[in-house]
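Please read all numbers here as calculations on a predicted model, not as lab measurements. In this chain, residues are counted from 1 in sequence order.
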Amino acid sequence: MELLDVDKLIEEFESMTKDAGNVQRQTLKKILEENGCAEYLQNLGLNGRTDPESFKACVPLVTHNDLQPYIQRIVDGSSSPILTGKPITTISLSSGTTQGKPKFVPFNDELMETTLQIYRTSYAFRTREFPIENGKALQLIYSSKQSKTKGGLIAGTATTNVFRNSQFKNTMKAMQSQCCSPDEVIFGHDFHQSLYCHLLCGLIFREEIQFISSTFSHSIVHAFRTFEQVWEELCADIREGVLTSRITFPSVRSAMAKLLKPNPELADLIHKKCLGLNNWYGLIPELFPNVKYIYGIMTGSMEPYLKKLRHYARDLPLISADYGSSEGWIGANVNPNVPPELATYVVLPDIGYFEFIPLKENVEEAKPVGLSEVKVGEEYEVIITSFAGLYRYRLGDVVKVTGFHNLSPELKFICRRNLMLTINIDKNTEKDLQLAVEAASKLNTEEKLEVLDFSSHVDLSTNPGHYVIFWEISGEVREEVLEECCNCLDRSFVDAGYVSSRKINAIGPLELRVVQRGTFQKILNHYVGLGAALSQFKTPRCVGSTNNEVLQILCNNVVKSYFSTAF
């Protein structure tokens, strides 16, 4: 396996970003030529034109809802060219939700190729700053099961579709980034067992581990919090050369048996190192002396985990991974020595066609601008046109342009436009909260009572963090009914990221807090007191920690509290 030529990759990236405007035109032309025969584009009357002006004139801006009927037909097995010229054979389940169901997003070879291109690009810049030797990586990656849709397509989360692709492993080898764990661990059916084995493999190959990574920084923190609980058991396995009975899957046991040999010296060394640590500070460099950096998505909703990650990492560099979504990739982190809080992403002009809606103006009226027309310091909503059948698709992300790398913009991720509840990989919007409250409040109708108003809060003061839902009810409700309401709320968040996080307790049980009558009136009074117009007042549906006064009003008026037992 040939290693990647880092200098050549950087050179190609530099020349492409110097000609970003032209590359964008060529990329759009390529997307439209490859997919011009698709029913969706045929119906819009492009008639073979591939220039940006005709494209913008004929093709409307869309959200997932607009494309849902087309995607559903693909999912159901229609083989005619609907969104793409070539048939779609794989579907990604996005963690975002629409109307209470996980979103289906097309996934194809072209999207896989852009994924690997992003990986290679950021790897090149990372390796220039932090050269790694030909060792292994402790990759805390987990693949959920792929399933078949009604129409026979393969469906899985976007990361699963990537990890299970044959090209993924070859690229990792070329990037000197081979996972130290066998496939049976990555594709194991039990998250807890896979995590334990990842840690064990890391310790077995501790001298060879060059970096530690996961999709999200939350998973890295979660892994080392788990290590604190199981380190003595891991040492015992290494000492005896026998795997703990907690690992029950035969395929995982036999894969691990090939790696695990009695090694009392290594067990003693790890034991001594763990006992020598003060509150686990600097755990990672102690366990893995040759690690050069820690890598994963660390921006957006991952920022709260940086403090704990730094505690484990001591002075090891933390590098935030690239910027993308289930729908497609956008930019690579080419400044790896910048702390994650300041991370920016340079748009790769050949992986899709990008437009940006300025957020200074009224969004409904604002005209999208092209890649070269964005202004430094301004905030925009991202629109992508991809090789996988999404045309002028509103991603819902808000980004800020912090500068340019040659002629391609550098973006800082600000937030999801309509995202409210998120702890790690879960993404729940106001709509999702509303649907959950509607479902649960139906249980009150037999009592002839209603939920007068509601709000929510992400409580990160507990470990793990959990969702808190505040309800004001029109009268007294029986305890058992409210307990069931609490469970119903928890079950009603059907976002894939939330459900999987709840199952492994990466998110704690949902809490329902009932507030006394008049509480939401006090919130209204508070806003009006600050000068808000009564006619424009909206109950804040999610109250962040920064909105301290409103959070105090809610917390000071709680009369009853319930924790879910749904998972």
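Aromatic ring pairs are classed by plane angle as parallel below 30°, tilted from 30° to 60° and perpendicular above 60°; the pair H457 and F470 is tilted. Using bins of under 30°, 30° to 60° and over 60° for the plane-to-plane angle, the ring pair F13/F125 lands in the perpendicular bin.
Using a 4.0 Å cut-off between charged nitrogen and carboxylate oxygen, D490 and R502 count as a salt-bridge pair. Ion pairing between K8 and E14 fails under the 4.0 Å rule for side-chain N and carboxylate O.
Residue-environment remark: NZ (K412) exceeds the threshold of 12 foreign heavy atoms within 6.0 Å. No more than 12 heavy atoms of other residues, nucleotides or ligands sit less than 6.0 Å from atom NZ of K400.
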Could you go through residues 73-81 and list every donor-acceptor pair under 3.5 Å that involves a side-chain atom there, pairing it with any protein atom two or more places apart or in another chain?
{"unit_1": "R73", "atom_1": "NH1", "unit_2": "E39", "atom_2": "OE1", "d": "3.4"}
{"unit_1": "R73", "atom_1": "NH1", "unit_2": "E39", "atom_2": "OE2", "d": "3.0"}
{"unit_1": "R73", "atom_1": "NH2", "unit_2": "E39", "atom_2": "OE1", "d": "2.8"}
{"unit_1": "D76", "atom_1": "OD1", "unit_2": "Q72", "atom_2": "NE2", "d": "3.2"}
{"unit_1": "S78", "atom_1": "OG", "unit_2": "S80", "atom_2": "OG", "d": "3.3"}

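Residues passing the salt bridge (charged side-chain N to carboxylate O under 4.0 Å, His left out) test with E11, sequence neighbours excluded: none.
Annotation: Y391 is not in aromatic contact with F55 [ring centroid separation under 6.0 Å not met]. Here the two rings, on H64 and F104, have centers that are 6.0 Å apart or farther.
Here the straight-line distance linking atom OG1 of T63 with atom CZ of R392 works out to 13.5 Å at 0.5 Å rounding. Atoms CZ and CD1, on R120 and I10 in that order, are 14.0 Å from each other to the nearest 0.5 Å.
Both tests hold for R541 against F454: distance to the six-membered ring centre under 6.0 Å, angle to the ring axis within 45°.
Nearest heavy-atom pair, L318 versus M298, reported as atom, atom and distance to 0.1 Å: CB-SD, 3.8 Å.
Side-chain atoms of D459 never come within 3.5 Å of backbone atoms of H466 as a donor-acceptor pair (strictly under, hydrogens ignored).
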Show your working on side-chain contact (heavy atoms from CB on, under 4.5 Å) between E34 and E110 and close with a plain yes or no.
-> CA-CA 11 Å; E34 283 179 16; E110 287 76 9; 4.3 Å; yes

